[in-house]
Protein chains: 2
Amino acid sequence: MTISALRQEFILHFGEMGSRWGINRTVGQVYALLFLSEQPLCADDIVGALGFSRSNVSMALKELQSWNLVRLRHRPDDRREFFTTPDDLWEIVRCLIAERRKREIDPTLTKLRELTMTAPDPADAGAHARMAELRQLIEQMTRFHDDLAHMETERLVALLNMGARLGRIVDGAGRLIPIRRQKPS
Amino acid sequence: MTISALRQEFILHFGEMGSRWGINRTVGQVYALLFLSEQPLCADDIVGALGFSRSNVSMALKELQSWNLVRLRHRPDDRREFFTTPDDLWEIVRCLIAERRKREIDPTLTKLRELTMTAPDPADAGAHARMAELRQLIEQMTRFHDDLAHMETERLVALLNMGARLGRIVDGAGRLIPIRRQKPS
DNA sequence: TGTCTGTTTCAGAAATTCCTGAAACAACGG
DNA sequence: CCGTTGTTTCAGGAATTTCTGAAACAGACA
C-alpha cells in the first residue's frame with residue numbers, strides 16, 4: 001500500500017511524538033494511519049502501509065484497544081478484525097483524558113491515601129502535611145473531572161468557548177455572581 | 001543523610017511514576033525529595049539522600065529547572081545553589097500543564113498548521129479535512145487554556161468547586177442561561 | 001598565579017524499551 | 001481430522017534512554 005506525502009508526514013509526526021505521549025513509535029504511527037483512513041483497516045493493511053512486523057502491529061493494536069482509542073469492526077464473511085478511530089474527536093479527547101488519569105494520576109492518589117491515612121509520626125509531620133495537601137488537591141481535580149466527564153459534549157464545548165468569560169461568574173473571593181444572558185450565539 | 005520510611009515511600013513512588021510522567025526516575029525522586037523537604041537542598045544534600053551520582057543529580061536539577069518546577073535559592077556566604085519547590089501547589093499545577101502543553105501539544109499544532117495551510121490535493125481531501133478538524137479542536141482547547149492560565153487561582157478554584165453546577169449555566173444547545181446567586185459559601 | 005569549592009559536560013557502561021521472526025494458538029470449513 | 005486463515009506469545013537482537021566517573025570548566029580569593 002502506498003501513502004501520500006501528506007499522510008506520510010502526519011504519520012511520521014505521530015510516531016515521533018509517541019514517546020512524549022507515553023506510547024511508542026509503532027503505536028503512534030498505527031493510530032495516525034487509522035485516524036486518517038476513511039475505511040477500517042485490518043492488521044495486514046497496516047503492515048502493508050507502515051512496514052512494521054506483523055507482531056508489532058498486533059501489539060500496537062492491543063495497546064490502542066487498552067487505551068480505548070480504536071473501535072473493532074467486522075465484515076460479513078470475513079473473519080479478520082478491522083479497526084477504526086471514532087469519528088467524533090471529542091470522544092477521543094475524553095478517552096485520552098480518562099486513560100491518562102487512570103495511568104498517571106490514580107496510582108499516585110492511591111499511594112497518597114495509603115501514606116496519609118495513618119497517623120503522622122511527629123518527626124514526619126511536615127512531610128505528612130505536604131502529602132495531605134497534595135492529596136487534597138488531586139482529589140479536588142479528579143472530582144471536577146468526574147463532573148465534566150458526565151456532561152454532554154455540547155455543554156462542554158459551550159463552556160470551553162466561554163473561555164475568559166467563565167471567570168466573570170465568580171468574584172475574586174470565589175462567590176457566584178448573577179449573570180445576564182449574553183448575546184445569543 | 002537518612003530519610004524516614006514515609007518519605008522514602010513517597011520518593012520511590014515518584015521515581016517509579018516518573019517514566020509515565022515523561023521524566024525519568026532520578027528526576028522524579030529528586031523532585032519528590034525537594035517537595036517534601038522543609039528547607040532548600042543543595043546538590044550534595046540530594047546525592048547524600050538518594051545516592052545518585054553527582055552528575056546525574058546535576059542533570060536532574062537542570063531538567064527540573066527547564067520544567068520550571070524548582071526555584072533556585074542562595075544563602076549569604078555560600079556559593080552553592082539551593083533548590084526548593086514552590087509552596088503553592090496550584091503554581092506547580094500551572095507549571096505542569098504549561099510545560100506539558102509546550103512539549104506534547106504545541107509541536108503537533110505547529111505541524112498540523114503546516115500540513116493544513118497548503119491547498120488540499122483532491123486525492124487527499126479526506127485526510128486533509130481530518131487534520132483540519134483536529135487542528136481546530138486543538139486550537140479551541142489551547143485558546144481555553146490560555147484564558148484559564150491568566151486567571152487568578154481563587155477564581156479557578158471557585159470554578160473547579162462548582163463542578164457539575166457549571167453545566168447549568170449553559171443549556172443543551174450551548175446558550176448561556178441566566179443564573180441567580182446560590183447560597184453564599 | 002594556584003588552589004579551593006562548586007557546576008557542567010561527555011564518552012561509554014548499564015538498564016530499559018522496542019521490535020522482529022518463529023512458533024504456538026484459535027476458530028472455522030471441508 | 002486436516003488445512004486454511006488469522007491472532008498472540010515470546011526469546012532474543014536492536015535501539016534508545018539512563019546513569020556514572022572522570023575530566024573540563026568557572027569563579028573566588030589568597
Side-chain angles (χ1 to χ4, degrees), chain A residues 1 11-34 40-67 70-84 103-104, chain B residues 1 11-34 40-67 70-84 103-104:
Chain A
M1 185 187 287
I11 290 168
L12 290 179
H13 176 81
F14 265 55
E16 280 165 23
M17 294 299 287
S19 52
R20 299 198 199 180
W21 294 339
I23 59 181
N24 64 33
R25 193 165 54 101
T26 314
V27 175
Q29 290 197 15
V30 168
Y31 184 77
L33 179 70
L34 289 173
L41 301 178
C42 72
D44 280 327
D45 293 336
I46 298 171
V47 169
L50 302 181
F52 292 116
S53 73
R54 186 65 182 68
S55 57
N56 196 8
V57 168
S58 173
M59 291 294 213
L61 287 169
K62 213 170 141 192
E63 173 85 356
L64 285 172
Q65 282 178 280
S66 87
W67 279 80
V70 294
R71 300 270 167 279
L72 203 49
R73 292 287 183 74
H74 282 279
R75 286 191 191 162
D77 304 327
D78 192 330
R79 272 203 296 120
R80 289 174 300 177
E81 299 184 310
F82 288 78
F83 297 88
T84 37
R103 289 152 205 255
E104 302 181 5
Chain B
M1 185 187 289
I11 290 169
L12 290 179
H13 176 81
F14 265 56
E16 280 165 23
M17 294 299 288
S19 53
R20 299 199 199 180
W21 295 338
I23 59 180
N24 63 34
R25 192 166 55 100
T26 314
V27 175
Q29 290 198 14
V30 168
Y31 184 75
L33 179 70
L34 289 173
L41 301 179
C42 72
D44 280 327
D45 294 335
I46 299 171
V47 169
L50 303 179
F52 293 116
S53 73
R54 187 64 183 68
S55 57
N56 196 7
V57 168
S58 173
M59 290 295 212
L61 287 169
K62 215 170 140 191
E63 173 86 355
L64 285 171
Q65 282 178 280
S66 88
W67 278 80
V70 293
R71 300 269 168 277
L72 202 50
R73 292 287 183 72
H74 281 279
R75 286 192 190 159
D77 304 327
D78 192 333
R79 272 203 297 119
R80 289 174 299 177
E81 298 185 311
F82 287 79
F83 297 88
T84 36
R103 288 151 207 254
E104 301 180 6

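Just so we're clear, the structure is a prediction, and the values are computed from it rather than from any experiment. Excluded from the calculations below are hydrogen atoms, water molecules and symmetry mates; all remaining heavy atoms, backbone and side chain alike, are included. Chain naming here is simple, since letters A, B, ... match the order of the sequence lines and numbering starts at 1 in each.
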In whole Å, what is the span from the [atom1] atom of [X] to the [atom2] atom of [N]?
X	N	atom1	atom2	value
A/R80	C/dC28	CZ	C1'	15 Å
B/D44	C/dT7	CG	P	7 Å
A/D45	D/dG6	CG	P	11 Å
B/R75	C/dG6	CZ	C1'	15 Å
B/R54	D/dG21	CZ	C1'	13 Å
A/E81	D/dT5	CD	C1'	13 Å
A/L72	D/dT8	CG	C1'	15 Å
B/L50	D/dC19	CG	C1'	14 Å

Do any N or O atoms of the protein come closer than 3.5 Å to N or O atoms of nucleotides 22-30 of chain D, and which pairs are they?
unit_1, atom_1, unit_2, atom_2, d
D/dG27, N2, B/R79, NH2, 2.9

### Query
Please walk me through it: do B/R25 and B/E16 pass side-chain contact (heavy atoms from CB on, under 4.5 Å)?
CA-CA 6 Å; B/R25 192 166 55 100; B/E16 280 165 23; over 6 Å; no
Give me the atom names and distance for the closest heavy-atom approach of [X] to [Y].
X	Y	value
A/Q29	A/I11	CG-O, 3.5 Å
B/R20	A/E104	O-OE2, 3.5 Å
B/A43	B/V57	O-CG1, 3.9 Å

### Query
In residues 56-66 of chain B, which residues come under 4.0 Å of DNA chain D by heavy atom?
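Correct list: B/N56.
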### Query
Of all of residues 14-28 of chain B, which get a heavy atom below 4.0 angstrom from DNA chain D, listed by number?
B/N24, B/R25, B/T26
### Task
Would you indicate whether the side-chain heavy atoms of A/L33 and A/L41 approach each other to under 4.5 Å?
yes
Rounded distance (nearest 0.5 Å) linking atom [atom1] of [X] with atom [atom2] of [Y]:
X	Y	atom1	atom2	value
B/I46	B/L61	CD1	CG	4.5 Å
B/T26	B/L64	OG1	CG	10.0 Å
A/R103	A/S66	CZ	OG	4.5 Å

### Message
Measuring from the side chain of A/S53 (C-beta onward, heavy atoms only), which nucleotide among C/dG6, C/dG21, D/dG6 has the closest atom?
### Response
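Nucleotide nearest to A/S53's side chain: C/dG21.
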### Message
Is there a side-chain contact (heavy atoms from CB on, under 4.5 Å) between B/W21 and B/V27? Walk through the geometry before answering.
### Response
CA-CA 10 Å; B/W21 295 338; B/V27 175; over 6 Å; no
### Query
Do B/E63 and B/Y31 pass the side-chain contact (heavy atoms from CB on, under 4.5 Å) test, and can you show the C-alpha distance, the side-chain angles, and the key distance before you say yes or no?
CA-CA 10 Å; B/E63 173 86 355; B/Y31 184 75; over 6 Å; no
### Message
Which residue in the set B/L34, B/D45, B/V70 passes side-chain contact (heavy atoms from CB on, under 4.5 Å) when paired with B/F82?
### Response
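For B/F82, the side-chain contact (heavy atoms from CB on, under 4.5 Å) test succeeds with only one of B/L34, B/D45, B/V70, which is B/D45.
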